[in-house]
Amino acid sequence: MSIEILPDGDALALRAADLFALAAQEAAAARGRFAVALSGGETPRALYKLLARQQFSQKVPWRRVQLYWGDERCVPPDDPQSNYGLARDAFLRHVPIADANVHRMRGEDPPEEAAQAYDAELRGLAAESRPRVEVPIFDLVLLGLGADGHTASLFPHSDALAVEDRFAVPTTAPDGSPRLTVTAPVINAARRVWFLVGGAKKAGMVAEVLEGLRVPNAVPAQGVAPVHGTLTWFLDEAAAAELSPDARG
Ligand code: 6PG
């Protein structure tokens, strides 16, 4: 696991955009495909907007990119809360990616039905891998961190945290809003997992996740531990403020 601390949110987004393009080039060259699961929330918006800029967009082999989501709110794609809608408006509309390569979670459908459909999509992704694998292997999973320690839509003390036999499940946010989320096996099978976390409000939880007592059921982000892949935390200074010198080192 590695930690990169950037001066501010803009520098964090620029660093992530740079590395996103490199990861896409590497995966496309090595395996003919870059399968990435996007995160939702506000933090990745700046990164997504950069991906629409020619300086980054021209470096991404979009024909080889397969876009998925790590979670979704159970709302239609045009709802302001939609994670798909966030990405669509920030960059999907502006880059040459085929519709068939964009695998959104159908937030507008009944949650159990949408989760089963996405589980099937992810099994299809796994089946395309050579050699064949059981769990889909993403080249990159982007994650955010909630102030309560959730990531994707894996919330504290949720039944979804223990699911091993499904790759996507319906769940509920603490405010009662229905969500869809990939499960821990999918995240932990990825070649790269990146947390993008910014702002002083997250500093306490960042320190809790990285240096606090390990209780993944209460702090789901602590359950992110790629089996074979790499885990990188991209933090701005504000979010890193409560880390010890050792952790910062
Ligand atoms: C979502 C995200 C969620 C998010 C965190 C952080 O759908 O909201 O997937 O896990 O990453 O809640 O959100 P912010 O970036 O808005 O702080």
Side-chain angles (χ1 to χ4, degrees), residues 6 8-10 12-13 15-17 20 36-51 67-77 79-91 103-108 111 114-115 118 138 140-158 160-161 167-184 186-188 190 193-210 216 218-224 231-236 238-241:
L6 290 306
D8 53 35
D10 289 344
L12 189 155
R15 176 68 171 153
F20 183 99
V36 52
L38 299 179
S39 69
E42 274 310 303
T43 303
R45 188 188 297 271
L47 163 60
Y48 297 162
K49 285 186 171 180
L50 286 176
L51 294 179
L67 273 185
Y68 295 77
W69 274 260
D71 73 325
E72 185 56 280
R73 290 85 181 276
C74 292
V75 295
D79 187 294
Q81 285 294 311
S82 168
N83 287 339
Y84 160 76
L86 164 68
R88 178 199 56 213
D89 298 344
F91 77 102
H103 310 271
R104 69 179 183 87
M105 294 177 167
R106 291 182 57 84
E108 67 272 33
Y118 215 69
F138 280 100
L140 172 61
V141 171
L142 291 177
L143 294 173
L145 178 67
D148 62 355
H150 82 261
T151 193
S153 283
L154 296 169
F155 292 98
H157 310 295
S158 160
L161 293 171
F167 300 145
V169 294
T171 185
T172 308
D175 66 3
S177 57
R179 300 271 190 114
L180 300 167
T181 189
V182 298
T183 53
V186 174
I187 296 171
N188 289 329
V193 179
W194 297 352
F195 276 99
L196 274 61
V197 188
K201 289 178 184 171
K202 302 287 177 72
M205 186 45 73
V206 166
E208 183 67 30
V209 173
L210 292 175
V219 185
Q222 289 181 336
V224 175
L231 173 59
T232 307
W233 285 77
F234 295 95
L235 306 170
D236 65 13

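Start at 1 and go down the list; that is how both ligands and their atoms are numbered. From a predicted model like this one, the values you see are computed outputs, not experimental measurements. All values below come from the heavy atoms of this structure, side chains included, with hydrogens, waters and symmetry mates left out.
Scanning the protein for heavy atoms near atom 15 (O) of ligand 1, the closest one is Thr43 OG1, 2.6 Å. Protein heavy atom at the shortest distance from atom 12 (O) of ligand 1 is His150 NE2, 2.8 Å. Looking only at heavy atoms of the protein, atom 6 (C) of ligand 1 is closest to Leu145 O, 3.4 Å. Summary of contacts: the protein heavy atom closest to atom 17 (O) of ligand 1 is Lys202 NZ, 2.6 Å. Counting protein heavy atoms only, atom 13 (O) of ligand 1 is closest to Gly41 CA, 3.9 Å. Ranking the protein heavy atoms by distance from atom 9 (O) of ligand 1 puts Asp71 OD1, 2.7 Å first. With hydrogens left out, the protein atom closest to atom 8 (O) of ligand 1 is Arg73 NH2, 2.7 Å, a heavy atom.
Side-chain atoms of Trp69 and Val182, non-hydrogen and from C-beta on, never get closer than 4.5 Å to each other. Residues Ser177 and Arg73 are not in side-chain contact: their nearest non-hydrogen atoms beyond the backbone lie 4.5 Å or more apart. Residues Leu154 and Ile187 are in side-chain contact: their nearest non-hydrogen atoms beyond the backbone lie under 4.5 Å apart.
In terms of polar-atom proximity, Glu42 is counted as a contact of ligand 1, with an N or O under 3.5 Å from an N or O of the ligand.
With Glu208 contributing its side chain and Ala203 its backbone, the two residues share no donor-acceptor pair below 3.5 Å. Formation of a donor-acceptor pair under 3.5 Å by the Tyr118 side chain with backbone atoms of His103 is found in this model. At distances below 3.5 Å, not a single donor-acceptor pair connects side-chain atoms of Arg179 with backbone N or O atoms of Glu72. Between the side chain of Asn188 and the main chain of Gly223, a donor-acceptor pair closer than 3.5 Å is present. With hydrogens and angles ignored, the 3.5 Å screen pairs a side-chain donor or acceptor of Thr151 with a backbone N or O of Gly144.
Between Ala152, Pro220, Gly40, it is Ala152 that holds the heavy atom closest to atom 10 (O) of ligand 1. Of the options Ala239, Ser39, Gly144, the smallest heavy-atom separation from atom 11 (O) of ligand 1 is shown by Gly144.
Residue-level proximity to ligand 1 for Glu72 is absent, since no heavy atom of it falls below 4.0 angstrom.
Close approach of ligand 1 to Arg179 is summarised as follows: ligand atoms under 4.0 Å from at least one heavy atom of the residue are 1 (C), 7 (O), 8 (O).
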